[in-house]
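Reading through the structure tokens given below for one structure.
Side chains are part of it too, since the values below use all heavy atoms of this structure and drop only hydrogens, waters and symmetry mates. The sequence lines fix the lettering, A, B, ..., with proteins before strands; numbering per chain opens at 1.
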Amino acid sequence: MSAGQFEVVALEGGARLVTAPMLDRASASLVLMFSVGSRYEDERLGGISHFVEHLFFKGTQRRATAKEIAEAIEGVGGSINASTDKEVTSYWTRVPRDHVELAVDVLFDIVTNSQLAPDDIDRERLVILEELKMYQDLPQDYVHSLFEEVMWPAHPLGRDIGGSLKSVKEIKREDLTAYIKGHYLLPNLVVSVSGGVGEAQARGLVESRLGLPANPNGAPYQPAPPGPSKPNLRLLKKDTEQAHICIGVPAISYLDEDRYALDIVNAILGEGMSSRLFLEIRERRGLAYDVHSFTSKHRDSGYFAVYAGVDPGKALEACEAIIAELRRIADEEVPLTELAKAREFTKGRLRLGLESTNAMASWLGQQALLTGRIRTEAEVVAEVDAIDPARASKVAKRVLTQPLQLAVIGPFDSDSAFRTLIEA
Amino acid sequence: MAPSSEPLARHIRRAVTLVNSVADEAGDEEITPSEIAEAIRDAAEAGADAPEKVRRYLLEALDAVSDGMPADYVAMSLYAALGALREA
């Protein structure tokens with residue numbers, strides 16, 4: 001099997017194993033991905049997916065403390081971590097290839113044998129509450145959460161992954177155990193292994209450790225509501241030195257056939273120092289310290305947005321200039337030279353991003369879990385190469401003409417001038 | 001948080017900042033484990049009369065630095081100390 005190839009096998013109980021041998025590498029990476037995240041939570045349990053992820057690192061029956069878990073992997077020079085998102089929670093480790101059995105053992109141990117000791121729950125609750133408070137004190141980050149509240153009001157997709165101070169304070173041990181029982185199931189699991197380990201070896205190591213229940217159905221999530229049909233705005237008044245702006249529109253799912261075309265539009269508009277927004281808003285007009293665009297895609301929803309950190313006195317002008325760029329790319333076909341540059345940027349970033357074994361394991365595992373179909377790097381590159389100016393224009397028109405949504409944090413008493421801008 | 005706890009909270013926050021800049025690999029100057037340990041010791045001294053939980057979490061953070069544990073791990077203990085102080 002050569003680099004870039006992979007195999008997917010169905011395991012007992014409904015779990016799936018993805019292997020991507022990169023036999024020239026000294027490392028092996030293992031990722032356990034579960035289809036659970038903050039969109040599976042109701043409001044009372046906001047943040048419970050993230051809470052569970054933290055608690056899994058606190059101790060198991062065989063490794064009683066967080067320190068023992070960390071030392072098991074750190075002791076061989078490896079690293080271990082986890083992340084919670086809206087639809088996926090991932091636990092990963094990267095170790096020297098001859099320690100892959102240890103990596104498999106530790107990761108399965110933490111997700112199947114966690115102690116959930118009351119003292120650990122109390123301690124971790126304090127940690128998460130502090131993280132939430134710290135996050136709310138970082139307006140450049142927090143404005144993104146406000147924007148998602150505007151996009152999906154009163155829906156789990158619009159809530160912060162970490163939950164609210166209230167929900168995290170009130171989550172009980174029984175809630176945690178019930179949540180784990182309802183979601184940490186074999187059919188919700190993809191195991192992805194990449195690096196200096198072959199498929200047969202990986203399969204042998206994983207199959208003997210599938211100790212999770214095989215119940216067929218985990219608890220479902222609420223479908224996303226239709227995108228907002230009119231402009232909406234949320235202003236948080238705060239005495240910050242910069243105004244933090246997140247402006248965007250409802251967009252598309254990661255299953256949509258236009259997703260790569262939207263990525264190209266995103267690259268043209270706001271990724272990197274030669275993007276339109278960077279050149280126009282920052283370099284030419286000096287309106288922002290930082291400006292970039294990004295997309296967020298979920299199974300049945302998504303958005304396209306622009307973040308800008310600006311002098312408060314220039315916030316309205318910056319918003320106006322950003323809106324003008326969004327309209328320009330929706331109205332005027334992108335020149336072929338600019339499109340070709342964006343294609344190279346996108347392909348180059350993909351290739352560089354997949355150099356490491358843990359990036360490859362995560363990329364393949366996430367596709368298997370979320371879409372049920374894995375595209376190779378070569379397939380994605382071919383799809384990107386097939387995007388021409390007409391296709392980019394089509395998706396720009398389809399997405400960027402949707403009603404504008406805006407979140408602002410800054411020293412403003414009134415939102416009326418911002419409202420006028422997005423309603424124009 | 002009681003006003004009398006504020007100096008201790010400042011010490012803990014300073015230690016958190018140092019640890020986070022190691023975790024994020026930020027900053028121009030390399031921060032050494034000794035500097036982090038010093039900041040945590042300062043916090044522990046300022047918190048000599050703090051609730052037991054706060055002192056326990058600070059000592060855990062100090063042990064973690066001595067044992068060469070990852071920065072994230074040290075930060076978690078410091079956040080727990082800050083949270084316990086806020087609760088007191």
Quick check on Asp239(A): does its CG atom have over 12 non-hydrogen neighbours (other residues, nucleotides or ligands) under 6.0 Å away?
no

Chain A heavy atoms under 4.5 Å from Asp67(B): which part of the residue, side chain, backbone, both or neither?
side chain

Should we say atom CD of Glu101(A) is surrounded by more than 12 heavy atoms from elsewhere, each under 6.0 Å from it?
no

Taking Glu124(A), Glu131(A), Lys133(A), Glu71(A) one by one, which has the highest count of heavy-atom pairs under 4.5 Å against chain B?
Lys133(A)

With a cut-off of 6.0 Å (strictly less than), are more than 12 heavy atoms of other residues, nucleotides or ligands near CD of Glu43(A)?
no

As an exercise, state the distance from CD1 of Ile69(A) to OH of Tyr73(B), rounded to the nearest 0.5 Å.
9.0 Å

Quick one: pull up CG in Asp122(A) and CD in Glu87(B) and give me the separation to the nearest 0.5 Å.
8.0 Å

Do Arg123(A) and Glu60(B) pass the salt bridge (Lys or Arg N to Asp or Glu O under 4.0 Å) test, and can you show the C-alpha distance, the side-chain angles, and the key distance before you say yes or no?
CA-CA 12 Å; Arg123(A) 181 188 190 277; Glu60(B) 269 182 30; 2.6 Å; yes

I want to check something: taking the side chain as every heavy atom from C-beta on, are Asn20(B) and Met134(A) in contact at a cut-off of under 4.5 Å?
yes

Residue part contacting chain A, namely of Met76(B), when any heavy atom lies under 4.5 Å:
both

Could you check whether atom CD of Glu241(A) has more than 12 heavy atoms from other residues, nucleotides or ligands sitting under 6.0 Å from it?
no

Determine the minimum heavy-atom distance between Tyr57(B) and Leu126(A), stating which atoms define it.
CE1-CD1, 3.9 Å

Would you call Met69(B) and Glu74(A) a side-chain contact if the rule is heavy atoms closer than 4.5 Å?
no

Counting only heavy atoms not in Arg56(B) (residues, nucleotides, ligands), do more than 12 fall under 6.0 Å from its CZ?
yes

